[in-house]
Amino acid sequence: VFFVGLSSILVMNLVTAVIVETSISAAKEDGEKDEEMETKLMSKVLEQVEILIMKADVNQSGDITKRELMDAYAQHEDVRTLLDSFCDIQEMLDLFDIFDDDASGSLTMAELRNGFSGYRANPVKCMV
């Protein structure tokens, strides 16, 4: 009787261990898939940001100023649509100051990449 009781407890512990291990593996796999999707989404966002810089960079300096950003927003519907897919223009101007690491008053592509990469919580709506 003791052996049968002990055996059934051991079997239940083994079943529980298998279930827990399976759950942990599934959660880890889900986390990896989420991270992969986030990386793909960030890559698409950065492609759109590069398009924004090319359209807004009137003087072809390779970076954009707030003035260039605001002018491009006012003058080009496609730039306006692109920016509005992230957030409104005021939020974007606020992010401009945050992303401007060297306080130069202009943003390079590297500063934009770094800035957007730091705001991963919701990369579709202004990264905040």
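Side chains are part of it too, since the values below use all heavy atoms of this structure and drop only hydrogens, waters and symmetry mates.
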Nonpolar side-chain network containing Val58, other nodes, edges under 4.5 Å: none
Test side chain to side chain contact (heavy atoms under 4.5 Å, CB included) applied to Met70 - qualifying residues, sequence neighbours left out: Arg67, Leu93
Non-neighbouring partners of Asn59 that pass side chain to side chain contact (heavy atoms under 4.5 Å, CB included), sequence neighbours left out: Asp57, Ser61, Glu68
Would you call Phe99 and Asn114 a side-chain contact if the rule is heavy atoms closer than 4.5 Å?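 No, their side chains stay 4.5 Å or more apart.
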Only counting residues at least two apart or in another chain, list the ones meeting salt bridge (Lys or Arg N to Asp or Glu O under 4.0 Å) with [X].
X	result
Lys40	Glu36
Arg80	none
Glu32	none

Listed once per pair and sorted, the salt bridge (Lys or Arg N to Asp or Glu O under 4.0 Å) pairs that draw on residues 92-103, sequence neighbours left out: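 Applying salt bridge (Lys or Arg N to Asp or Glu O under 4.0 Å) to every pair that reaches into residues 92-103, excluding sequence neighbours, yields Lys66-Asp97.
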Provide the closest heavy-atom pair for Tyr73 versus Asp84 in the form atom of the first, atom of the second, distance. OH-OD1, 2.9 Å
Rounded to the nearest 0.5 Å, how far does CE of Met54 lie from CD of Gln60?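 One gets 10.0 Å once the value is rounded to the nearest 0.5 Å.
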Ile98 vs Leu95, side-chain contact (heavy atoms from CB on, under 4.5 Å): CA-CA, chis, key distance, verdict: CA-CA 5 Å; Ile98 293 169; Leu95 284 177; 4.1 Å; yes
Pair up each side-chain donor or acceptor in residues 11-24 with any protein partner under 3.5 Å, not counting sequence neighbours, and list the distances.
from  : atom 1 : to    : atom 2 : distance (Å)
Thr16 : OG1    : Met12 : O      : 2.9
Thr22 : OG1    : Val18 : O      : 2.8
Ser23 : OG     : Ile19 : O      : 3.0

Residues in side-chain hydrogen bond (donor to acceptor under 3.5 Å, both in side chains) contact with Ser106, at least two apart in sequence or another chain: Asp63, Ser104
